[in-house]
Amino acid sequence: MAGGIGGRFWPVSSQECPKQFLDVLGCGKTLIQLTVDRFKELVPPENIWIVTSADYKKLIEEQLPEIPQENVLYEPCRRNTAPCICYVSWKIKKRNPRANVIVAPSDHIITDVKTFREGIAECMAFSAETDAIVTFGIRPSYPETGYGYIKADLSFSSSRQKNIFRVDSFKEKPTKEVAKEYVSQNNYYWNSGIFIWSVSTIVNAFRVYCPEISHIFEDIYSYYDTPQEQGMINQVFPQCESISIDYAIMEKAEEIFVYPSDFGWSDLGTWSSLRRMSRQDEYGNARIGENIDLYDTYNCIIHATQQKKVVVQGLDGYLVVEKDGTLLICKLSEEQRIKLFH
C-alpha cells in the first residue's frame, strides 16, 4: 500500500513526493524500495503488487522498475485502506484464486529483516491451511499513544502454530495513562498494520462484513486485466466508503489471530519515531546527513542531506530539517503542529 501523502515529514516530504518515495534514513534507498527488498527472498517480483495514486506513477516507474507495470494499481482518489485492499484482492483472485497474500504499508521501517521474514513464513504457512486472518503484533517498548493496540488471548494458541494466538480485541490509540497500563501487561501489542491471509479468506470477509465495498469491485470483475479496467476503477472507486481495514474487517471477523513479534518495527509516522529508529550518539542525537556538527546538543534529530554545512549548538529535544532552501526548527514535543507551518 503506497497511496499515503506523508505530510508529517515536511519539509522533506510533500504531496508530490510523500515519505514512502524518499530516502529519509539517508541509506541510499527510499522506504518503498526497502519494503520491496524485504520481500524479495519470499516473493518474486511478478507477485508483488503496488496500490498507489496515479500522481505517483512516475515515481513508481523510477524507483521500482522490476515490478511489472500491470501489477501497479492506481487509485483515482483516497479512500483509506479497506477499498485499496478489496480492489487488489479481487485482482489477485482473478489471477490465482488459491493465492496467499501479505499486505504491508510501504513506509514502515523494519531493522531485523531476518526475523521478519521468518515470521512471515510461519504466518503464511498458517493462513494457507486455514481460513484465518493473521496480523503482526509488535511487543511495545514504551507507552506509545500514536499506535492502535491488539489485546491477545495468550491462553489460546493455534493448534497448528504455537506462536500464533487469538485476538481478544483491538484497541484505539490510547491516552498516555492507558498506554502505560497496556505496556505493563504482557498481552498487549502495537498494531503493525501488516496482514497475512489467503485471497479467498479476505474476499469472503469483505462479502460478509463489508458487502457495499465488496459489490463495487466484484461487479466489475470481468473488466480486470482489460484495457477498460482503469476507466471502470476511476468510475466506481469514488463510490467506496472511506474506511480502514481495521474498522471494515478486523474488528468484526471471528477468525482473527496475532503473531507477537519483535523485529525492530516503526510505522515512521513522526520525526520522533525516525529519531528512535536511527543511530544515536552518546547524547541521544540522530544525524541524517554527512555534514552536521553538534555542540552542547541533546536528544535531537537533524536531517540535512543536501551537502550544506549544518552546525547546531545548545538545543535539547529539537527537530532541525533542511530541504530545498526551507529550514524547519521545531521542538519534537510540538511536532504535531508542523502541518500548520505549510
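Just so you know, residue 1 is the first one in the sequence shown, and it goes up from there.
- With hydrogens and angles disregarded, a donor-acceptor distance shorter than 3.5 Å links the side chain of Ser89 to the backbone of Ile85.
- Both Ile288 and Trp10 belong to a common hydrophobic cluster when Ile, Leu, Val, Met, Phe, Trp and Tyr are linked at side-chain heavy-atom distances under 4.5 angstrom.
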Query raised in the report: Between Arg207 and Glu218, does a side-chain contact (heavy atoms from CB on, under 4.5 Å) hold up when you go through it step by step?
Result: CA-CA 9 Å; Arg207 283 170 165 164; Glu218 189 171 3; 2.9 Å; yes

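- Between the side chain of Asn71 and the backbone N or O of Ile67, no donor-acceptor pair lies under 3.5 Å.
- A salt bridge links Lys180 to Glu177: at least one charged side-chain nitrogen sits closer than 4.0 Å to a carboxylate oxygen.
- Checked by atom type and distance alone, the side chain of Ser106 pairs as donor or acceptor with a backbone atom of Met1 at under 3.5 Å.
- Within the 3.5 Å criterion, the main-chain N or O of Arg139 finds no donor-acceptor partner in the side chain of Asp262.
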Requested in this report: Given side-chain contact (heavy atoms from CB on, under 4.5 Å), test His303 with Glu322 step by step and report yes or no.
Outcome: CA-CA 7 Å; His303 193 290; Glu322 190 277 332; over 6 Å; no

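- Interatomic distance, Glu229 CD to Tyr224 OH, rounded to the nearest 0.5 Å: 7.0 Å.
- Under the 4.5 Å side-chain contact rule for hydrophobic residues, Val199 and Ile48 do not share a cluster.
- In this structure, Tyr149 has its ring center no closer than 6.0 Å to that of Tyr188.
- If you take CG on Asn163 and OG on Ser261, they are separated by 9.5 Å, rounding to the nearest 0.5 Å.
- Considering every non-hydrogen atom in both Ser127 and Ile196, the closest pair reads OG-CG2, 3.3 Å.
- Although no hydrogens or angles enter the test, the distance criterion places no donor-acceptor pair under 3.5 Å between the side chain of Ser278 and the main chain of Ala286.
- Atoms CD1 and OG, from Ile109 and Ser266 in turn, are 5.5 Å apart once rounded to the nearest 0.5 Å.
- Counted by atom type alone, Asp324 and Thr326 present zero donor-acceptor pairs between their side chains at under 3.5 Å.
- Asp23 contributes a side-chain N or O that, together with a main-chain N or O of Cys27, makes up a donor-acceptor pair within less than 3.5 Å.
- Residues Leu154 and Ile138 fall into different hydrophobic clusters, defined by Ile, Leu, Val, Met, Phe, Trp and Tyr side chains chained together at heavy-atom separations under 4.5 Å.
- Ring-centre distance between Phe206 and Phe217: not below the 6.0 Å cut-off.
- Under the 4.5 Å side-chain contact rule for hydrophobic residues, Ile32 and Leu42 share a cluster.
- By the 6.0 Å contact criterion, CD on Gln15 is open, its count of non-hydrogen atoms from other residues, nucleotides or ligands being 12 or less.
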Report task. For Tyr295 and Tyr283, run ring-ring contact (aromatic ring centres under 6.0 Å, His included): C-alpha distance rounded to whole Å, both residues' side-chain angles, the deciding distance at 0.1 Å, then the answer. Result -> CA-CA 10 Å; Tyr295 302 92; Tyr283 304 109; over 10 Å; no

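- Within the 4.5 Å cutoff, side-chain heavy atoms of Val72 are placed close to those of Thr52.
- Both tests do not hold together for Lys173 against Tyr147: distance to the six-membered ring centre under 6.0 Å, angle to the ring axis within 45°.
- Under the 3.5 Å distance criterion, with hydrogens and angles disregarded, no donor-acceptor pair is assigned to the side chains of Gln230 and Tyr74.
- Salt-bridge formation is detected for the pair Lys29/Asp37: a Lys NZ or Arg NE/NH1/NH2 atom is positioned less than 4.0 Å from an Asp or Glu carboxylate oxygen.
- Between Lys57 and Glu61, at least one side-chain N (NZ, or NE/NH1/NH2) sits under 4.0 Å from a carboxylate O, which counts as a salt bridge.
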Query raised in the report: Does the pair Ser53 and Glu75 meet the rule for a side-chain hydrogen bond (donor to acceptor under 3.5 Å, both in side chains), with working shown?
Result: CA-CA 5 Å; Ser53 166; Glu75 303 171 317; over 6 Å; no

Query raised in the report: Would Leu274 and Phe9 satisfy side-chain contact (heavy atoms from CB on, under 4.5 Å), going step by step from the backbone distance to the final call?
Result: CA-CA 10 Å; Leu274 178 58; Phe9 276 80; 3.9 Å; yes

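- Remark: aromatic rings of Tyr56 and Phe21 are close, center separation under 6.0 Å.
- Contact annotation: the side chain of Thr30 never approaches that of Leu22 to less than 4.5 Å [non-hydrogen atoms, C-beta and beyond].
- Residues Met250 and Phe195 are in side-chain contact: their nearest non-hydrogen atoms beyond the backbone lie under 4.5 Å apart.
- Of the charged side-chain nitrogens involved, at least one lies within less than 4.0 Å of a carboxylate oxygen, so that Lys114 and Glu118 count as a salt-bridged pair.
- Taken from CD1 in Ile220 to CZ in Phe237, the straight-line distance is 10.0 Å, to the nearest 0.5 Å.
- At least one donor-acceptor pair under 3.5 Å links the side chain of Asn96 to the backbone N or O of Arg98.
- A donor atom on one side chain and an acceptor atom on the other are not found under 3.5 Å apart for Ser272 and Thr270.
- Only one option out of Trp265, Phe263, Trp190 pairs with Phe136 in a ring-ring contact (aromatic ring centres under 6.0 Å, His included); it is Phe263.
- Residue Ile110 comes nearest to Val113 through the heavy atom pair O-CG2, 3.8 Å, listed as atom of the first residue, atom of the second, then distance.
- Asp225 pairs with exactly one of Lys93, Arg95, Lys94 by the salt bridge (Lys or Arg N to Asp or Glu O under 4.0 Å) rule, that one being Arg95.
- For the pair Asn285/Ile301, no side-chain contact is recorded, criterion being any heavy-atom separation below 4.5 Å from C-beta on.
- Salt bridge annotation for Glu144-Arg276: present, with a cationic side-chain nitrogen under 4.0 angstrom from a carboxylate oxygen.
- Taking all atoms of both residues into account, the shortest heavy-atom contact from Pro140 to Val183 is CB-CG2, 4.0 Å.
- In this structure a side-chain-to-backbone donor-acceptor pair under 3.5 Å is missing from Arg166 to Asp153.
- A salt bridge is defined here as a Lys NZ or Arg NE, NH1 or NH2 lying under 4.0 Å from an Asp or Glu carboxylate O, and Asp107 with Lys19 meets this definition.
- Checked by atom type and distance alone, the side chain of Glu335 pairs as donor or acceptor with a backbone atom of Trp271 at under 3.5 Å.
- Of the possible donor and acceptor atoms, none in the side chain of Thr297 sits under 3.5 Å from a partner among the backbone N and O of Leu294.
- Under a cut-off of 6.0 angstrom, the local environment of CD in Glu255 is crowded, with over 12 non-hydrogen atoms contributed by other residues, nucleotides or ligands.
- A salt bridge between Glu241 and Arg79 is absent, with no side-chain N of the basic residue lying under 4.0 Å from a carboxylate O of the acidic one.
- Cluster annotation: Ile202 is not connected to Val43 through the hydrophobic network of ILVMFWY side chains, with a link wherever side-chain heavy atoms come within less than 4.5 Å.
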